[in-house]
Amino acid sequence: MNVLNLLQRKLQDALTGLVSDPAVYAAMLKPAQEARFGDYQANCAMPLKKELGGDARQIAQTIAARLQLEDMLEPPAIAGPGFINLTLRSEWLAQQVRHMAGDDRLGVAPVEKPRTFVIDFSSPNVAKPMHVGHLRSTIIGDALARLLRFLGHQVITDNHLGDWGTQFGMLLYGYKHFLDAQAFQSDPVRELARLYVHVRNQIKKTAGAQGDEEEDPNDPIAQAARAETAKLHAGDAENLRLWRAFMPYCYEEIERIYRRLDVHFDHTLGESFYQPMLADVVRELCQRGIAQESEGAVVVFFGAEESPALIQKRDGAYTYTTTDLATIRYRLQQWNPDAILYVVDFRQGLHFKQLFDIVRRWGYDKVELKHVSFGSVLGADRKPIKTREGGAIELGALLDEAVAQAARRYQQTRQERIERGEEVPELTAEELEQIYQAVGYGAVKYADLSQNRESDYVFNWDKMLSMEGNTATYMQYAYVRNRGIFRKGGIDVLALRQPPPPVILQTSEERTLALQFVRFHDALAAAAAELKPNLITGYLWDLAKTYSSFFQNCPVLKAETVELRQSRLLLCDLTARVIQRGLDLLGIRTVERM
RNA sequence: GUCCCCGUAGCUCAAUUGGAUAGAGCGUCGGCCUCCGGAGCCGAAGGUUACAGGUUCGAAUCCUGUCGGGGAUACCA
C-alpha cells in the first residue's frame, strides 16, 4: 500500500476538470511536516491562484470539496494561506496495519513495471588494499541493489575491477626494481601495496614546480611505469606472466572484505576482461567520425571549450574511457538493461558526462545511464583522505576495530545487567561472534548509509563505530527489546499473525506507530526514486523513536484487556518486522539478543 | 583561466526537491531504574541557513554578485 500514491491519485481525480495539468498539482501532496497539520498536506491551492484566480483558501475549499474521502480520510482542513491538511481515518489505518501484518512483504507490492538495472559499484583498484574510500561505493551500491530487487526490479550487479590500468604499470615497475622478495613471500598483498605506494612517491618527488603538486608526466619513472602498462596491453609475455601471478592475491584480498560485508556480485568483470574489445571500439568510433587522431592520440571532442576525452594514448595504451565504452556495449548486448547505474565518487562527474555523451553519439540512446555520485570522505582537516598521503585507513583494520568495539560493548552491557540482577543467558562463542559482527559491521555501514550520499563527510572513527543515537545499534537494540517481549510472554508470533487480531488505535502513540507503518512503502519508493539509502535510515529512525515512545507509554504484556494486548503485540511484531526488513535492505543484520 | 559541487546549532549531519514556527545525533545542563532489557526514555539551552541583492503568496532550496572551501580540466583510474 503506497499511501502517498493513493492520495495523489485521489487529488488528481479531484483536480481533473478543474485545472489544466492535474498531475503536476497532484504531485504537490506530501507527508505533513508536523503532526498538528494532519498526516498529509496538499500544497497546490496557492500556486493555482494564477490559473484559477481568486483566493487560495477559497480554491483549497473547492478542491477539498471534490475529494473522494471514502472510508480513508477525515474531512480535510484548510489552514494557513491555503494548505489542505489530510488526516487518515483511524479505522482505515487499523485495517491497513492488519493487512500489512498478514503479508510477507509488509504491504509493499512489487512494482507494476519492473526494470532491469545494471549496478556498477565498488570497483576497487585491486593493486592495493581496500581503504575507507571504497566503503561508500560498496555499501551504497549494495543497498541500492537490495532495495531495487525488493521492489521487484531485476538487478544485475557487476564489480568492474581496476585490474588493467596504469596502477599495474606502477606495480610492474615496482616489482622489477624495488621488490622485497621475502616480504612478497610472506604477505604478497601487503608487499604489492607497498610497491604501489613507493613508486607513486618516487614520481611525486620529482614533480614539477607549477603550483599544485602533480605527478610530472615527464618523470622518468612515470614514463617507465607507463611503458610497463603499454607493454602489458601489447601482450608482453613477462608482464602478462607477472600480472597473472599478482591477480589471485589481489582477488583474495578483496573477497575477504566482501565476505565480511556480506556483499556479493553477480559478475566481476574487470577492465582486463574488456581488453580484447578495445581496439574494435576505437576503430568503430573513428569510422563513424566520432573520434579522431589528435597530437598522436585518439580523442573525442565535445566543443571548443571542453577538453576532449582520450580513448587511445600516444603510446598505444587505452584509457578507462575506452574500457567503459566497451563495457557499456557488452552490457547492452549481454543483458539489455533499462538502466546502468554507476555508484562512483562525484569527482568523476566530467568523465561520466563525456562517456554518456559518446555513448549517445555512438547510437545507444535507449538505455538510461546514471552517475550515482557521492561525496568525498574527508579527514579531520576537512581535506579528502588520499591514499598517497598514507592517511587512509584500511578497510580490514576498520572492520576489525568495529567488531572489537561491539564485543567490548556487549561485555560491558552484560556486566551491567548482571549487576542489576537480571538473568542473562549464556551464549555460545558462535552466537557471540554473530552478535559482534552484526553490531560492528552494522555500525560501520549505517554511519555511511545514513548520510545523504551527495554530501562529503568527515571521517570520524568514533562516529563510525558509535552505537548510540541514530545508529544501526539503536535499531538492532529496539528489535532485541521487542523480541524480548515475545520471549517473556511466550508468544507464538506466527499464530499471532494469522489471522491478525483487530488493531486498536486508542492512544496517540499507537496511532503514530500505525501511521509510520503505512509510510514504509512511501519511504522505500522515495529511496528508490532518489537512489538514496539515507531515506530508509531516516524512516527507520523515526519508526524506532515512535516505537520507543509507544513502548514507554503503552504496556503490552500487561495491557488492560486481552484485545488490547493482542493488538499491541501485533504492533510490536510489525515494528520488529519492518525494522528487520529495513535493515536487511541496507545490508545490516538483526540479532535476537545483544 | 574555464566548468562543477559545497557553505545550516559548539561538532557531525537532515530538511520529503519552492511550503507553515529550519529538524536530529553527539557534546553540555536537568530529570527517570520496586514497571515488557538504561546500547533506553523525558526535558532544557543552543540559528541573521557564509554575505549582499533579486524572483513570488512563500526561499536553506531558484537567479545575480561577493567571500570562503573542495573537485575536475589531453595521455592516472
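Note on naming: letters A, B, ... go to the chains in the order of the sequence lines (proteins, then strands), and numbering restarts at 1 for each one.
- Atom P of nucleotide B:C76 and atom CG of A:Leu232 are separated by 15 Å, given to the nearest angstrom.
- At a threshold of 4.0 angstrom between heavy atoms, the contacts of A:Ala526 with the nucleic acid are absent.
- The same atom, P, is picked in B:A45 and in B:G30; the two are 15 Å apart, to the nearest Å.
- Remark: the A:Glu295 side chain and the B:A74 base include a donor-acceptor N/O pair separated by less than 3.5 Å.
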Considering only nitrogen or oxygen atoms on both sides, find all protein atoms under 3.5 Å from nucleotides 3-8 of chain B and state each distance.
none

For this session: Treat primed atoms plus P, OP1 and OP2 as sugar-phosphate and everything else as base, then score nucleotides 19-33 of chain B 5' to 3': B for base contact with protein heavy atoms under 4.0 Å, S for sugar-phosphate contact only, - for none.
Result: BBB--SSS-------

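- A salt bridge is defined here as a Lys NZ or Arg NE, NH1 or NH2 lying under 4.0 Å from an Asp or Glu carboxylate O, and A:Glu468 with A:Arg409 meets this definition.
- Atom-to-atom, CZ of A:Phe302 to C1' of B:A72 comes out at 14 Å; the value is rounded to the nearest Å.
- With rounding to whole Å, A:Tyr446 atom OH is found 13 Å from B:A14 atom P.
- One interatomic measurement links the two molecules: NZ of A:Lys353 to C1' of B:U73, which rounds to 11 Å at whole-angstrom precision.
- As rounded to whole Å, 6 Å separates atom C1' of B:C75 from atom NZ of A:Lys313.
- Between A:His521 and A:Tyr539, the ring center distance fails the sub-6.0 Å criterion.
- Residues A:Leu135 and A:Val444 share a closest heavy-atom pair of CD2-CG1, 3.6 Å.
- When the C1' atom is compared between B:G10 and B:G18, the two are found 31 Å apart, to the nearest whole Å.
- Among the heavy atoms of the strands lying under 4.0 Å from A:Val458 are primed sugar atoms or P, OP1, OP2 only; no base atom is included.
- Dashed line: the shortest gap from a side-chain N or O of A:Ser307 to OP1 or OP2 of B:A74 is under 4.0 Å.
- Stretches of at least 3 consecutive Watson-Crick or G-U wobble pairs, with each checked distance under 3.5 Å, appear in RNA chain B as B:1-7 with B:67-73, B:10-13 with B:23-26, B:28-32 with B:40-44, B:50-54 with B:62-66.
- Separation of the C1' atoms belonging to B:G27 and B:G46 is 11 Å when rounded to the nearest angstrom.
- Counting non-hydrogen atoms under 4.0 angstrom, A:Ser548 reaches the backbone sugars and phosphates but no base.
- At a threshold of 4.0 angstrom between heavy atoms, the contacts of A:Val424 with the nucleic acid are absent.
- A salt bridge between A:Asp55 and A:Arg57 is absent, with no side-chain N of the basic residue lying under 4.0 Å from a carboxylate O of the acidic one.
- Taking atom CG of A:Leu449 as the reference point, atom C1' of B:C13 lies 14 Å away to the nearest angstrom.
- The glycosidic torsion of B:C62 lies more than 90° away from 0, placing the base in the anti range.
- At the heavy-atom level, A:Tyr457 lies under 4.0 Å from the strands shown only through sugar-phosphate atoms.
- Atom CG of A:Leu52 and atom P of B:C57 are 15 Å apart (whole Å).
- Between A:Lys353 and A:Glu306 there is a salt bridge, since a side-chain N of the basic residue sits under 4.0 Å from a carboxylate O of the acidic one.
- The gap from the P atom of B:U66 to that of B:G1 amounts to 12 Å, rounded to the nearest Å.
- Put simply, A:Tyr474 has a side-chain N or O that comes within less than 4.0 Å of OP1 or OP2 on B:C41.
- Annotation: B:A15 and B:G47 have their C1' atoms spaced 14 Å apart (nearest Å).
- Within 4.0 Å of A:Leu350, counting heavy atoms only, lie sugar-phosphate atoms of the nucleic acid but no base atom.
- Between A:Tyr25 atom OH and B:G18 atom P the separation is 14 Å, expressed in whole Å.
- Nucleotides B:G69 and B:G54 are separated by 25 Å at their C1' atoms, to the nearest Å.
- Between A:Tyr477 and B:A39 there is a side-chain N or O to OP1 or OP2 distance below 4.0 Å.
- A:Asp462 comes within 4.0 angstrom of no nucleic acid atom, judged by non-hydrogen atoms across all strands.
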